[in-house]
Amino acid sequence: MHAFANPTRFLNLARPLTFWFLVGGILLVLFGSAYGLLYAPEDRLMGDSVRILYIHVPTVWLAMGGWTAIAIASVMQIVWRHPLAAVAARAVAVPGALFTALGLITGSIWARPTWGTWWVWDGRVTSVLVLFFLYLAYIALANASGDKGGVSRVTAIFGIVGAINIPIINRSVVWWNSLHQPASITTSGSSIDSAFLWPLMVNVIGFSLLFGAIVLMRMRGILAEIKVEARLRRMAAE
């Protein structure tokens, strides 16, 4: 990872990756969503309401993945002092919060016909809501640090500590009685029929590429802002 500590070297890689991630993500999401919403069969129990899962599952997956990335970047910032780690963590926070919000909204849309209510204080649902508030708190701490090019040490520690919630989300349907269905995809295999599984996987990959493109664009924007501020300071000192 230290090979890309130099911002110029990172930007040379990030520019083409942003384009390909964005284009690939859009195409995959359009294809997976169109097939899932229009051509995939109805579920035997859930009927047409199963189609919201083609959006819900990828967004919640990336909500968890986003905070995991923040925690890893925070460790790299504190332990190895990687110069771009704080930039990466800051760049992940906003799209992470957005995808968490989308996961909660689509989950509520799915819950209304399935559970008969928009919201329940279920272990899985509640822990994802906590994750959303963690994102908001992280963004507030990052903005309060005053360092637009990164985050403070306190913010990085918060990013690491907040990762405790990720295994809680993952195991909530096992640890507590839950209305939420248990994990359908595990290391031992999948209980999802292939007619539903492959468009879901297409959307997971597509949304992941879109998430990556957004993070890269935000990192490039942060680095550009740092460069502009440094230039203005030099001009003011002359």
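- Across every non-hydrogen atom of Ile70 and Ala89, the tightest pair is CG1-O, 3.8 Å.
- Between the side chain of Thr59 and the backbone N or O of His56 there is at least one donor-acceptor pair closer than 3.5 Å.
- Side-chain atoms of Arg90 come within 3.5 Å of backbone N or O of Ala142 as a donor-acceptor pair.
- Linking Ile, Leu, Val, Met, Phe, Trp and Tyr whenever their side-chain heavy atoms come within less than 4.5 Å puts Tyr35 and Val57 in one cluster.
- A distance of 11.5 Å separates CZ in Phe21 from CE in Met217, rounded to the nearest 0.5 Å.
- Counting all heavy atoms, side chain and backbone alike, Tyr54 lies closest to Pro199 at CE2-CG, 3.8 Å.
- The two residues Val29 and Gly206 have their closest heavy-atom pair at CG2-C, 3.5 Å.
- The shortest non-hydrogen separation linking Pro95 to Val215 is CG-CG2, 4.2 Å.
- Closest of all the heavy-atom pairs between Pro58 and Leu53 is CD-O, 3.7 Å.
- Using cut-offs of 30° and 60° on the angle between ring planes, the pair Phe31 and Trp198 is tilted.
- Environment of CH2 in Trp119: crowded, with over 12 heavy atoms of neighbouring residues, nucleotides or ligands closer than 6.0 Å.
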Starting from the C-alpha separation in whole Å, work towards a yes-or-no answer on side chain to side chain contact (heavy atoms under 4.5 Å, CB included) for Arg15 and Arg220.
CA-CA 8 Å; Arg15 289 189 186 98; Arg220 291 169 58 189; 3.7 Å; yes
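- Between the side chain of Arg124 and the backbone N or O of Ile169, at least one donor-acceptor pair lies under 3.5 Å.
- Inspection of the Ser127 and Asn165 side chains reveals no N or O donor paired with an N or O acceptor under 3.5 Å.
- Phe158 and Val130 end up in the same hydrophobic cluster when Ile, Leu, Val, Met, Phe, Trp and Tyr side chains are linked at under 4.5 Å.
- Rounding to the nearest 0.5 Å gives a distance of 13.5 Å between CE of Met76 and CZ of Arg81.
- Cluster membership check: Leu17 shares its hydrophobic cluster with Leu210, using side-chain heavy-atom separations under 4.5 Å among Ile, Leu, Val, Met, Phe, Trp and Tyr.
- Taken to the nearest 0.5 Å, the CG atom of Leu98 stands 9.0 Å off from the CZ atom of Phe132.
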Test side chain to side chain contact (heavy atoms under 4.5 Å, CB included) on Phe207 and Leu28; report intermediate values, then the result.
CA-CA 8 Å; Phe207 275 104; Leu28 287 176; over 6 Å; no
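- Ser33 has its side chain within reach of Ile55: a pair of non-hydrogen atoms, C-beta onward, lies under 4.5 Å apart.
- No chain of hydrophobic side-chain contacts below 4.5 Å, direct or via other Ile, Leu, Val, Met, Phe, Trp or Tyr residues, connects Ile157 to Ile139.
- Looking at Leu84 and Leu223, their side chains come closer than 4.5 Å, going by heavy atoms from C-beta outward.
- In summary, the aromatic rings of Tyr138 and Trp67 are positioned with their centroids under 6.0 Å apart.
- A distance of 4.5 Å separates CG in Leu62 from OG in Ser208, rounded to the nearest 0.5 Å.
- With hydrogens and angles disregarded, no donor-acceptor distance shorter than 3.5 Å links the side chain of Arg112 to the backbone of Trp118.
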Pair Leu216-Phe10, side chain to side chain contact (heavy atoms under 4.5 Å, CB included): steps then yes or no
CA-CA 10 Å; Leu216 288 174; Phe10 167 78; 4.0 Å; yes
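- Going from atom CD1 of Ile160 over to atom CD1 of Ile72 covers 11.0 Å, rounded to the nearest 0.5 Å.
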Assess whether side chain to side chain contact (heavy atoms under 4.5 Å, CB included) is satisfied between Trp110 and Val50, documenting all intermediate values.
CA-CA 8 Å; Trp110 175 81; Val50 72; 5.7 Å; no
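- The structure places CD1 of Ile26 at 10.5 Å from CG of Leu209, a figure rounded to the nearest 0.5 Å.
- Under a hydrophobic clustering in which Ile, Leu, Val, Met, Phe, Trp and Tyr are joined whenever their side-chain heavy atoms come within less than 4.5 Å, directly or via other members, Leu200 and Leu30 fall into the same cluster.
- Side chain of Asn12 to backbone of Thr8: a donor-acceptor contact under 3.5 angstrom is found.
- Summarising the geometry of Ala156 relative to Ser74, their closest heavy-atom pair is O-CB, 3.2 Å, with the distance given to 0.1 Å.
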